[in-house]
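Report on one structure; see the data block that follows.
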There are 2 protein chains.
Amino acid sequence: MVYDYAGMMALADPTRRKVFELIADRPRSVIDLTRVLPVSQPAVSQHLKVLKEARLVRAEPKGASNIYHLDPHGLGEMRAWLDRMWGDALDAFKREVDNSKEK
Amino acid sequence: MVYDYAGMMALADPTRRKVFELIADRPRSVIDLTRVLPVSQPAVSQHLKVLKEARLVRAEPKGASNIYHLDPHGLGEMRAWLDRMWGDALDAFKREVDNSKEK
DNA sequence: GCTTATCATAAGTCATGGTTTATGATTATG
DNA sequence: CATAATCATAAACCATGACTTATGATAAGC
């Protein structure tokens with residue numbers, strides 16, 4: 001499967017990025033996240049769904065609650081994609097500088 | 001100035017990311033970009049405005065046309081922010097794994 | 001078993017933003 | 001000087017998605 005920018009699109013929303021950062025700080029339940037954030041519980045669940053589909057987090061049922069952790073698989077995919085895009089951009093910029101020097 | 005996710009939000013849109021990648025490939029004028037992309041010229045100009053405000057690209061007037069290049073300053077800022085976020089996420093994940101092993 | 005707590009989904013609302021057409025400004029071309 | 005080419009901005013349209021309330025499903029506690 002080709003990485004399809006899902007991670008970057010998931011982290012573009014401020015609230016969802018906050019959710020991600022809170023989970024990165026430590027694993028948390030939905031209720032725990034809702035208590036900190038200025039949005040309703042369903043809103044949190046929906047953000048978690050997007051993050052989960054982007055494979056940035058994963059859920060771990062614990063009794064009646066769902067503990068969300070970081071998902072190293074998706075993080076790795078996103079990291080690889082970012083590094084690739086980054087390399088391409090820097091390579092292109094380097095070529096550009098070289099070309100202007102040739103003149 | 002604190003980096004404010006502008007770069008990530010700018011690259012979240014597929015069309016705008018395509019614009020960025022085309023410019024990364026080589027500097028291009030607005031017309032040049034419009035010929036390749038499936039959107040109108042004003043749409044391209046507006047995407048360029050967002051990318052420019054995020055300091056991912058910069059404009060260089062050349063006669064009646066505007067040549068857009070990558071902007072290393074903004075790219076550097078975004079890189080630094082991504083590295084920081086990435087480091088935090090990985091550190092947190094490492095702590096999590098260590099904690100589960102202690103038990 | 002009944003209530004409480006936690007969570008996800010459905011349905012509906014509303015703002016954001018990506019798109020279009022229209023237009024004016026600037027520069028090259030003839 | 002007049003026309004064509006390039007670009008940015010304004011205004012209007014509309015789809016997407018972030019949010020809400022309502023509700024059902026599952027698990028814990030009494």
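The chains referred to below are lettered A, B, ... by the order of the sequence lines, with proteins before strands, and numbering in each begins at 1. Heavy-atom basis, side chains included; hydrogens, waters and symmetry copies ignored.
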- line: Reading nucleotides 9-22 of chain D from 5' to 3' and marking B where a protein heavy atom lies under 4.0 Å of the base, S where only the sugar-phosphate is that close, and - otherwise, the string is BB-------SBBBB

Heavy-atom pair of closest approach, residues A:Phe20 and A:Leu75: CZ-CD2, 3.9 Å

task: May I ask you to verify if any side-chain N or O of B:Tyr68 is less than 4.0 angstrom from the OP1 or OP2 atom of D:dA8?
output: yes

message: Under the rule for salt bridge (Lys or Arg N to Asp or Glu O under 4.0 Å), what residues qualify as partners of B:Asp71, not counting sequence neighbours?
response: none

message: My understanding is that only residues two or more places apart in sequence, or in another chain, count here; which of them pass side chain to side chain contact (heavy atoms under 4.5 Å, CB included) with B:Glu21?
response: A:Tyr5, B:Arg17, B:Lys18

message: Among residues at least two apart in sequence or on other chains, which ones pass side chain to side chain contact (heavy atoms under 4.5 Å, CB included) with B:Arg35?
response: B:Ile31

- request: Could you tell me whether the side chain of B:Val30 reaches within less than 4.5 Å of the side chain of B:Ile67, counting heavy atoms only?
  value: no

query: For B:Leu37 and C:dT20, what is the distance between atoms CG and C1' respectively, to the nearest whole Å?
result: 15 Å

message: In whole Å, I'd like the distance from the NZ atom of B:Lys62 to the P atom of C:dA28.
response: 11 Å

- request: Report yes if a side-chain nitrogen or oxygen of A:Asn66 is closer than 4.0 Å to either non-bridging phosphate oxygen (OP1 or OP2) of C:dT6; otherwise report no.
  value: no

- prompt: When the distance from CG of B:Leu11 to P of C:dG18 is rounded to whole Å, what number comes out?
  reply: 12 Å

- prompt: Listed by chain and number, what are the salt bridge (Lys or Arg N to Asp or Glu O under 4.0 Å) partners of B:Asp25, not counting sequence neighbours?
  reply: B:Arg28

message: Below 4.0 angstrom, which residues in residues 21-29 of chain B have at least one non-hydrogen atom near DNA chain D?
response: B:Ser29

task: Would you please name every residue forming a side chain to side chain donor-acceptor pair (under 3.5 Å) with A:Asn66, sequence neighbours left out?
output: none

- request: Would you please name every residue forming a side chain to side chain contact (heavy atoms under 4.5 Å, CB included) with A:Glu60, sequence neighbours left out?
  value: A:Arg58, A:His69

- prompt: Partners of A:Ala12 by side chain to side chain contact (heavy atoms under 4.5 Å, CB included), sequence neighbours excluded?
  reply: B:Ala12

query: When the distance from CG of B:Leu48 to C1' of C:dT19 is rounded to whole Å, what number comes out?
result: 15 Å

query: Which whole-number value in Å describes the distance from B:Ile31 CD1 to C:dT26 P?
result: 19 Å

task: Measure the distance from CD on B:Glu60 to C1' on D:dC7 and round it to the nearest whole Å.
output: 16 Å

